[in-house]
Amino acid sequence: MLYLASKSPRRTELLDRLDQPHRLLDVDVPEVRAPGEGAAEYVARVARDKARAGWALVAGQPGARVLGADTEVVLGEEVFGKPRDAADAAAMLRRLSGRTHRVLSAVVVVDAAGEREALSATEVRFAPLSEAAIAAYVATGEPLGKAGAYAIQGRAEAFVEHLSGSHSGVMGLPLRETARLLGAADAIESGAVCAAAAG
């Protein structure tokens with residue numbers, strides 16, 4: 001059984017697109033960047049921490065595997081987490097306006113065979129945003145709870161002037177990388193079954 005160590009409805013929806021039956025695990029992992037920790041290292045560590053926390057809950061179950069993921073918006077080397085409030089969301093959007101930023105999305109799969117991970121990096125350029133556009137978007141409430149104060153699958157898609165990389169990664173779960181990791185897990189399990197049968 002595959003377990004998703006996430007409370008994100010977007011990740012559940014994306015994993016459904018891969019026809020991967022799964023159950024949700026509610027894990028509570030601190031998302032605090034360590035001093036001197038690079039943005040990519042931070043995103044990968046948080047995804048790893050989520051997967052490991054989930055694995056600790058189900059490790060005793062035969063065939064269990066856990067998927068953890070983390071997605072962050074990065075401008076330069078500054079990581080934009082979730083906005084504290086509407087004013088913080090507006091401030092983030094002003095800084096992203098008319099500029100190119102990166103969205104880093106890490107995926108980690110943990111099972112009895114060990115850990116496998118992948119990192120997706122996508123470049124996103126926003127068109128220049130007027131104060132009126134920012135205020136109207138923030139008023140919808142959509143930016144709250146979203147890394148970088150926007151949801152590309154929502155109204156903010158109209159802000160995107162250019163995207164190079166994984167659209168699903170910007171949403172929160174890069175499907176190509178996730179499919180590859182889960183496929184590798186399937187191959188390992190199949191190999192183990194074949195080896196046991198041969199033995």
Side-chain angles (χ1 to χ4, degrees), residues 4-20 22 24-33 39-40 42-44 46-47 50 67-108 118-179:
L4 175 62
S6 175
K7 292 174 276 192
S8 165
R10 293 176 304 283
R11 292 198 177 107
T12 297
E13 174 197 331
L14 287 165
L15 198 52
D16 284 342
R17 295 183 191 179
L18 294 179
D19 293 324
Q20 289 285 341
H22 61 278
L24 300 181
L25 292 175
D26 190 356
V27 298
D28 188 15
V29 171
E31 298 186 26
V32 180
R33 190 176 177 189
Y42 166 66
V43 174
V46 172
K50 290 178 181 178
L67 188 153
D70 188 53
T71 300
E72 300 292 348
V73 168
V74 183
L75 185 63
E77 269 298 305
E78 184 179 354
V79 174
F80 284 32
K82 300 176 180 70
R84 296 182 300 275
D85 51 29
D88 193 31
M92 288 185 185
L93 291 166
R94 286 188 198 101
R95 295 192 58 200
L96 296 176
S97 172
R99 303 177 72 180
T100 298
H101 61 272
R102 288 180 298 150
V103 178
L104 300 178
S105 197
V107 186
V108 178
L119 179 70
S120 164
T122 301
E123 287 196 347
V124 181
R125 184 172 71 241
F126 271 13
L129 306 177
S130 68
E131 280 296 317
I134 290 172
Y137 181 56
V138 171
T140 68
E142 189 176 274
L144 300 179
K146 310 292 192 306
Y150 76 92
I152 198 168
Q153 73 277 15
R155 294 174 176 86
E157 191 166 13
F159 300 162
V160 178
E161 210 166 53
H162 179 77
L163 184 149
S164 177
S166 170
H167 187 273
S168 59
V170 179
M171 286 178 65
L173 189 69
L175 291 184
R176 184 177 65 84
E177 288 81 357
T178 300

K.L.:
Quick one: list whatever passes salt bridge (charged side-chain N to carboxylate O under 4.0 Å, His left out) with Lys50, sequence neighbours left out.
P.N.:
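Salt bridge (charged side-chain N to carboxylate O under 4.0 Å, His left out) check on Lys50 returns Glu31, Asp70.
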K.L.:
My understanding is that only residues two or more places apart in sequence, or in another chain, count here; which of them pass salt bridge (charged side-chain N to carboxylate O under 4.0 Å, His left out) with Arg176?
P.N.:
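For Arg176, no residue satisfies salt bridge (charged side-chain N to carboxylate O under 4.0 Å, His left out) once neighbours in sequence are set aside.
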K.L.:
Is the centre of the Phe126 ring less than 6.0 Å from the centre of the Tyr150 ring?
P.N.:
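Yes, they do, as the ring centres are separated by less than 6.0 Å.
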K.L.:
Kindly indicate whether the side chain of Arg95, heavy atoms from C-beta on, has any atom under 4.5 Å from the side chain of Leu75.
P.N.:
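In contact.
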K.L.:
Tell me every residue that passes side chain to side chain donor-acceptor pair (under 3.5 Å) with Ser168, counting only those two or more places apart in sequence or in another chain.
P.N.:
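Side chain to side chain donor-acceptor pair (under 3.5 Å) list for Ser168, sorted by chain: Ser166.
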K.L.:
Do the charged groups of Arg33 and Glu72 touch, with an N to O distance under 4.0 Å?
P.N.:
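No, Arg33 and Glu72 are not salt-bridged.
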K.L.:
Can you see which heavy atom on Ala151 is nearest to which on Ala156, and at what distance?
P.N.:
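Taking Ala151 first and Ala156 second, the nearest heavy atoms are O-CB, 3.4 Å.
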K.L.:
Side-chain contact, heavy-atom cut-off 4.5 Å: His167 with Leu163?
P.N.:
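Yes, at least one pair of side-chain atoms sits under 4.5 Å.
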K.L.:
Mind checking salt bridge (charged side-chain N to carboxylate O under 4.0 Å, His left out) for Glu161 and listing every partner two or more places apart, or none if nothing turns up?
P.N.:
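With neighbours one apart ignored, the set is Arg125.
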K.L.:
Does any non-hydrogen side-chain atom of Asp26 lie less than 4.5 Å from one of Lys7?
P.N.:
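Result yes, sub-4.5 Å side-chain heavy-atom pair found.
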K.L.:
Any side-chain to backbone donor/acceptor pair from Thr178 onto Pro174? Under 3.5 Å, distance only.
P.N.:
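Side chain of Thr178 to backbone of Pro174: a pair is present.
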K.L.:
For a quick test of reading the model, state the closest non-hydrogen atom pair linking Ala40 to Leu119 and the distance between them.
P.N.:
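Closest approach of Ala40 to Leu119: CB-CD2, 3.8 Å.
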K.L.:
Can you pull out every salt bridge (charged side-chain N to carboxylate O under 4.0 Å, His left out) where at least one residue sits in residues 127-144? Sequence neighbours excluded, please.
P.N.:
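Qualifying pairs, neighbours excluded: Arg94-Glu131, Glu142-Arg155.
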K.L.:
Looking only at non-hydrogen atoms, find the nearest pair between Ser6 and Arg11 and report the distance.
P.N.:
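For Ser6 versus Arg11, the nearest heavy atoms are OG-NH1, 3.4 Å.
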K.L.:
When you compare the side chain of Leu4 with that of Leu25, does any pair of heavy atoms fall below 4.5 Å?
P.N.:
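No; the side chains remain at least 4.5 Å from each other.
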K.L.:
Could you check if a side-chain atom of Phe80 sits within less than 4.5 angstrom of a side-chain atom of Leu96, using non-hydrogen atoms only?
P.N.:
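Yes, their side chains come closer than 4.5 Å.
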K.L.:
State which residues pass salt bridge (charged side-chain N to carboxylate O under 4.0 Å, His left out) with Glu157; sequence neighbours excluded, sorted by chain then number.
P.N.:
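With neighbours one apart ignored, the set is empty.
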K.L.:
Within the side chain of Thr122, is there an N or O that forms a donor-acceptor pair under 3.5 Å with the backbone of Gly165?
P.N.:
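Here the side-chain-to-backbone pair does not exist.
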K.L.:
Using a 3.5 Å distance criterion without hydrogens, assess whether the side chain of Thr71 forms a donor-acceptor pair with backbone atoms of Ser105.
P.N.:
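Between the backbone of Ser105 and the side chain of Thr71 there is no qualifying donor-acceptor contact (under 3.5 Å).
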K.L.:
Is there a side-chain contact between His22 and Leu24 (heavy atoms, below 4.5 Å)?
P.N.:
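Yes. Closest side-chain heavy atoms under 4.5 Å.
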